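What follows is one structure encoded as structure tokens, with my remarks underneath.
Letters go in sequence order (proteins before strands), and every chain restarts at 1. Worth saying up front: this structure is predicted, and the values here are computed from it rather than measured.
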Protein chains: 2
Amino acid sequence: MAFNKKEEFTQKEQDLAAFAKAISHPARIAILKTLAQRNECICGELVEILPLAQSTVSQHLKELKSAGLIDGTIDGPRSCYCINWKAFEKFNSEFNSLFNNLKLKNEKACC
Amino acid sequence: MAFNKKEEFTQKEQDLAAFAKAISHPARIAILKTLAQRNECICGELVEILPLAQSTVSQHLKELKSAGLIDGTIDGPRSCYCINWKAFEKFNSEFNSLFNNLKLKNEKACC
DNA sequence: TTATCTAATCGTATATTTGCGATATAAGAT
DNA sequence: ATCTTATATCGCAAATATACGATTAGATAA
């Protein structure tokens with residue numbers, strides 16, 4: 001691959017893609033689902049729930065955090081995570097404005 | 001990496017992740033956006049719009065098609081693509097049932 | 001202090017993705 | 001039949017992602 005061409009696209013396209021990339025692994029979906037149900041969750045609980053090693057879970061949490069989908073705070077020797085609902089709202093509204101709004105106009109059959 | 005552990009998760013988690021993976025690149029977002037606006041589109045038009053080589057665009061189209069997000073038919077020497085809105089509906093409803101419904105109950109502040 | 005417990009990071013192996021040029025295929029035009 | 005034209009596929013190189021064990025760092029307990 002000569003070069004990464006991602007910067008050649010619009011910021012909205014990159015943002016949507018980045019959010020989608022963050023939720024593009026079942027382990028991260030499972031993490032978010034758990035956080036959504038419990039409102040907050042300790043890292044160790046997630047390690048017990050998921051069929052993955054502690055280091056791998058930690059890596060997935062790091063990705064979700066750096067993508068802005070979750071927040072985390074250190075609580076003594078452990079780490080507490082929760083969902084950043086604002087990021088989900090932003091994704092939802094951009095996804096809708098891009099696809100769901102257009103859908104209403106264009107649902108006629110095609111190829 | 002010893003093994004790919006994706007099959008260890010639920011089917012819903014895998015389906016959501018697969019859809020997200022399909023839209024996790026700005027080029028594929030741009031393709032879908034164009035198809036949503038025009039209802040259908042010839043491959044060559046997409047190649048002109050995107051800052052990518054023809055072979056790369058073709059590859060992205062293949063991924064979108066095998067993920068079920070678009071349909072394509074051969075029209076003489078060219079290929080016509082359009083969005084499969086059903087796939088978007090399914091993603092939307094699963095995404096909402098997983099996150100947006102829970103959000104209403106759990107929006108209190110946390111970590 | 002030393003020991004323990006929790007979580008993050010490092011190092012590494014392997015798998016997958018991204019991208020392009022070159023080639024193949026298939027339909028239409030000459 | 002040959003020449004375009006449009007698209008798909010192949011083959012390769014480089015970049016990223018996935019996963020784990022080992023190690024490190026930080027807080028509490030003994």
Criterion salt bridge (Lys or Arg N to Asp or Glu O under 4.0 Å) on B/Glu63 and B/Lys21, from CA distance to verdict: CA-CA 10 Å; B/Glu63 276 180 75; B/Lys21 191 184 177 68; over 6 Å; no
Can you tell me how far [atom2] of [N] sits from [atom1] of [X], to the nearest Å?
X       : N      : atom1 : atom2 : value
B/Leu50 : C/dG19 : CG    : C1'   : 13 Å
B/Asp75 : D/dT5  : CG    : P     : 18 Å
A/Leu46 : D/dA19 : CG    : C1'   : 17 Å
A/Ile74 : D/dA27 : CD1   : C1'   : 10 Å
B/Lys5  : D/dA19 : NZ    : C1'   : 8 Å
B/His25 : C/dG19 : NE2   : C1'   : 9 Å
B/Ile42 : D/dT5  : CD1   : P     : 17 Å

Under 4.0 angstrom between [X] side-chain N/O and [N] OP1 or OP2:
X       : N      : value
A/Arg28 : D/dT18 : yes
A/Lys21 : C/dT17 : no
B/Ser79 : D/dA6  : no
B/Thr56 : C/dG19 : no
A/Tyr81 : C/dA8  : yes
A/Lys6  : C/dG19 : no

From C-beta outward on [X], which listed nucleotide comes closest to its side chain: [options]?
X       : options               : value
B/Gln54 : D/dT7, D/dC20, C/dC20 : D/dT7
A/Ser58 : C/dG21, C/dT9, D/dC20 : C/dT9
B/Asn4  : C/dT6, C/dC20, C/dT16 : C/dT16

Test applied, side chain to side chain contact (heavy atoms under 4.5 Å, CB included); reference residue, B/Tyr81; option that passes from B/Ile31, B/Leu32, B/Leu35: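 Only match with B/Tyr81 under side chain to side chain contact (heavy atoms under 4.5 Å, CB included): B/Leu35.
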B/Arg28 side chain vs B/Ile23 backbone, donor-acceptor pair below 3.5 Å: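 Side chain of B/Arg28 to backbone of B/Ile23, a donor-acceptor pair under 3.5 Å: no, none is there.
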Main-chain N/O of A/Ile42 paired with A/Glu45 side-chain donor or acceptor, under 3.5 Å: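 Yes; judged by distance alone, with no hydrogens or angles, the pair exists.
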B/Phe88 and A/Phe99 aromatic ring geometry - parallel, tilted or perpendicular at 30°/60° bounds: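 Judged by the thresholds at 30° and 60°, the geometry between A/Phe99 and B/Phe88 is tilted.
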Aromatic ring pairing A/His25/B/Phe9, orientation class (parallel under 30°, perpendicular over 60°, tilted between): perpendicular
Short side-chain donor-acceptor distance under 3.5 Å, B/Asn100 and A/Asn92: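 Yes.
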Donor-acceptor side-chain pairing of A/Glu13 and A/Thr10 below 3.5 angstrom: yes
DNA chain D: 5'-proximal contact among B/Glu45 and A/Ala27 (nearest heavy atom): B/Glu45
Upstream residue (5' side of DNA chain C) when B/Ser55 and A/Pro77 are each assigned their closest nucleotide: A/Pro77
Members of residues 59-70 of chain B that approach DNA chain D, where some heavy atom sits under 4.0 Å away: B/Lys62
